[in-house]
Undergrad: 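Let me give you the structure first, and then I'll get to my questions.
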Amino acid sequence: MITEISDAIKRCSFSPYVSVTMDVETAHVRLEVSEDRKRVRWTRTVRSLPDTGKRFTVNPRVLGSEGFTSGRHYWEVEVAGSRDWRLGVAAESVERKRDVTPTPETGVWSIMRLGDEFDAFSSPPSRLPARPIPGRVGVYLSYESGTVSFYDADTKSHLHTFTGNKFTEKLYPLYGIWDENHWLRICSGSAPGM
């Protein structure tokens with residue numbers, strides 16, 4: 001899988017690594033997004049923020065500012081130290097006002113760590129192989145091929161791939177955290193095999 005993706009990336013005329021930030025207008029009221037919009041953490045404080053219609057009001061999530069309707073894109077997120085987080089990709093129409101299970105059927109392709117559990121949220125959710133949980137996770141979106149892949153960015157090893165999707169709307173990076181003592185941090189990196 002990594003070789004196939006690496007070969008596809010090398011055939012492209014652009015670098016798949018993208019610089020992404022977080023859209024504060026989508027951030028749940030318990031999420032604190034840093035000034036540079038590269039870090040997020042959960043807080044006990046419920047902030048008084050306007051409901052823009054874009055804001056997650058039930059689940060502590062935030063979308064990326066940049067959305068994609070074509071191409072191949074790769075970004076990395078540092079999760080080291082946090083035991084409770086979700087990363088992935090969400091459709092622009094993702095439910096933000098009700099509690100809905102985040103699966104491809106509801107417009108979310110994600111993996112999640114909750115304590116000692118490490119899962120891919122397919123239908124039904126599947127436990128990821130036992131291994132050390134990564135300190136940095138790479139997310140790779142290939143819009144036309146309908147895939148979202150996740151990597152241990154430290155070792156460039158494959159974690160999970162959602163395949164067989166037919167994307168029809170804009171997709172955004174998705175971040176979620178339930179840990180007030182640690183930040184999720186978007187960081188630079190290079191796609192697997194590069």
Side-chain angles (χ1 to χ4, degrees), residues 14-114 121 136-143 146 148-150 153 162 165 167-189:
F14 61 91
S15 170
Y17 178 76
V18 291
S19 178
V20 292
T21 57
M22 297 174 193
D23 181 353
V24 295
E25 290 186 11
T26 67
H28 185 275
V29 294
R30 286 190 180 265
L31 292 183
E32 176 186 353
V33 177
S34 64
E35 192 172 313
D36 67 359
R37 299 183 303 139
K38 293 280 193 179
R39 296 179 299 138
V40 63
R41 70 175 174 180
W42 186 86
T43 69
R44 291 182 188 270
T45 305
V46 177
R47 296 170 300 135
S48 178
L49 297 171
D51 186 356
T52 62
K54 295 169 58 178
R55 190 173 309 286
F56 286 94
T57 56
V58 176
N59 293 300
R61 299 180 187 147
V62 59
L63 294 180
S65 297
E66 300 76 11
F68 309 108
T69 56
S70 65
R72 296 176 177 96
H73 311 278
Y74 179 81
W75 61 94
E76 293 181 356
V77 182
E78 186 176 301
V79 296
S82 178
R83 294 178 50 81
D84 302 302
W85 50 263
R86 175 183 305 280
L87 292 176
V89 174
E92 188 169 32
S93 64
V94 68
E95 179 59 55
R96 302 172 198 212
K97 309 302 179 188
R98 296 182 300 123
D99 190 18
V100 175
T101 304
T103 63
E105 291 76 19
T106 61
V108 178
W109 297 264
S110 68
I111 62 172
M112 181 181 88
R113 178 180 184 184
L114 188 58
F121 266 69
R136 187 187 296 203
V137 174
V139 183
Y140 177 79
L141 165 65
S142 179
Y143 196 97
V148 179
S149 298
F150 298 88
F162 292 94
N165 302 286
F167 300 134
T168 58
E169 62 181 289
K170 189 175 281 191
L171 301 178
Y172 292 87
L174 172 79
Y175 314 90
I177 187 165
W178 307 267
D179 186 342
E180 69 179 315
N181 298 315
H182 296 93
W183 293 85
L184 293 186
R185 182 176 67 88
I186 300 169
C187 42
S188 60

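Residues: numbered from 1 along the sequence shown.
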Undergrad: Taking K54's backbone N and O only, do any of them form a donor-acceptor pair with R96's side chain (distance below 3.5 Å, no angle check)?
TA: yes
Undergrad: Please enumerate all residues that pass side chain to side chain contact (heavy atoms under 4.5 Å, CB included) together with V29, with sequence neighbours excluded.
TA: V46, L49, R55
Undergrad: Quick one: are R83 and R113 in side-chain contact, heavy atoms under 4.5 Å?
TA: yes
Undergrad: Apply side chain to side chain contact (heavy atoms under 4.5 Å, CB included) to residues D179 and R41 and explain how you reach the verdict.
TA: CA-CA 7 Å; D179 186 342; R41 70 175 174 180; over 6 Å; no
Undergrad: Check whether any side-chain heavy atom of V108 lies under 4.5 Å from a side-chain heavy atom of F121, and answer yes or no.
TA: no
Undergrad: Please tell me if the side chains of F56 and L31 come closer than 4.5 Å, counting only heavy atoms from C-beta onward.
TA: no
Undergrad: Would you name the heavy atoms of D36 and S34 that are closest together and state the gap between them?
TA: OD1-OG, 2.5 Å
Undergrad: Set out, in order, the CA-CA distance, both residues' side-chain angles and the distance that settles side chain to side chain contact (heavy atoms under 4.5 Å, CB included) for T45 and E32, then state yes or no.
TA: CA-CA 9 Å; T45 305; E32 176 186 353; over 6 Å; no
Undergrad: Do S110 and F162 have side chains that approach each other closer than 4.5 Å (heavy atoms only, starting at C-beta)?
TA: no
Undergrad: How many angstroms lie between NE2 in H182 and CD1 in I177, if you round to the nearest 0.5 Å?
TA: 8.5 Å
Undergrad: Is the shortest side-chain heavy-atom distance between V139 and F150 below 4.5 Å?
TA: yes
Undergrad: Could you measure the distance from the CZ atom of R61 to the CH2 atom of W85? Nearest 0.5 Å is fine.
TA: 14.0 Å
Undergrad: Apply the test side chain to side chain contact (heavy atoms under 4.5 Å, CB included) to residues L87 and L184: give CA-CA distance (whole Å), side-chain angles for both, the deciding distance (0.1 Å), then the verdict.
TA: CA-CA 10 Å; L87 292 176; L184 293 186; 4.1 Å; yes
Undergrad: Between K170 and E92, is there a side-chain N and carboxylate O pair less than 4.0 Å apart?
TA: no
Undergrad: Measure the shortest side-chain to side-chain distance between L174 and Y172 over non-hydrogen atoms and say whether it is less than 4.5 angstrom.
TA: no
Undergrad: Taking all non-hydrogen atoms of both residues into account, name the closest pair between E95 and R98 and its distance.
TA: OE2-N, 3.1 Å
Undergrad: With side chains defined as the heavy atoms from C-beta onward, is the minimum distance between V18 and Y74 less than 4.5 Å?
TA: no
Undergrad: Can you see which heavy atom on F68 is nearest to which on E66, and at what distance?
TA: CE1-O, 4.0 Å
Undergrad: Minimum heavy-atom separation for P60 to W178, with atom names?
TA: CG-NE1, 2.9 Å
Undergrad: Find the distance between OG1 (T69) and CD (E169) and round it off to the nearest 0.5 Å.
TA: 11.0 Å
Undergrad: Please check if the side chain of K38 supplies one atom and the backbone of V20 the other of a donor-acceptor pair under 3.5 Å.
TA: yes
Undergrad: May I ask you to decide if L63's main-chain N or O and T26's side chain share a donor-acceptor pair within less than 3.5 Å?
TA: yes
Undergrad: So, using ring-ring contact (aromatic ring centres under 6.0 Å, His included) as the criterion, who are the partners of Y143 when residues are at least two apart?
TA: F167
Undergrad: Between T43 (side chain) and R30 (backbone), is there a donor-acceptor pair under 3.5 Å?
TA: yes
Undergrad: What are the two closest non-hydrogen atoms of P104 and N165, and how far apart are they?
TA: CB-OD1, 4.2 Å
Undergrad: Can you list everything that forms a side chain to side chain contact (heavy atoms under 4.5 Å, CB included) with E35? Sequence neighbours excluded, please.
TA: none
Undergrad: Looking at E25 and A27, would you say the former's side chain and the latter's main chain have a donor-acceptor pair under 3.5 Å?
TA: no
Undergrad: Are N59 and H28 close enough that some pair of their side-chain heavy atoms sits under 4.5 Å apart?
TA: no
Undergrad: Identify the heavy atoms of P173 and Y175 that sit nearest to each other, and give their distance.
TA: CB-OH, 3.3 Å
Undergrad: Does T101 offer a backbone N or O that forms a donor-acceptor pair with the side chain of T106 under 3.5 Å?
TA: yes
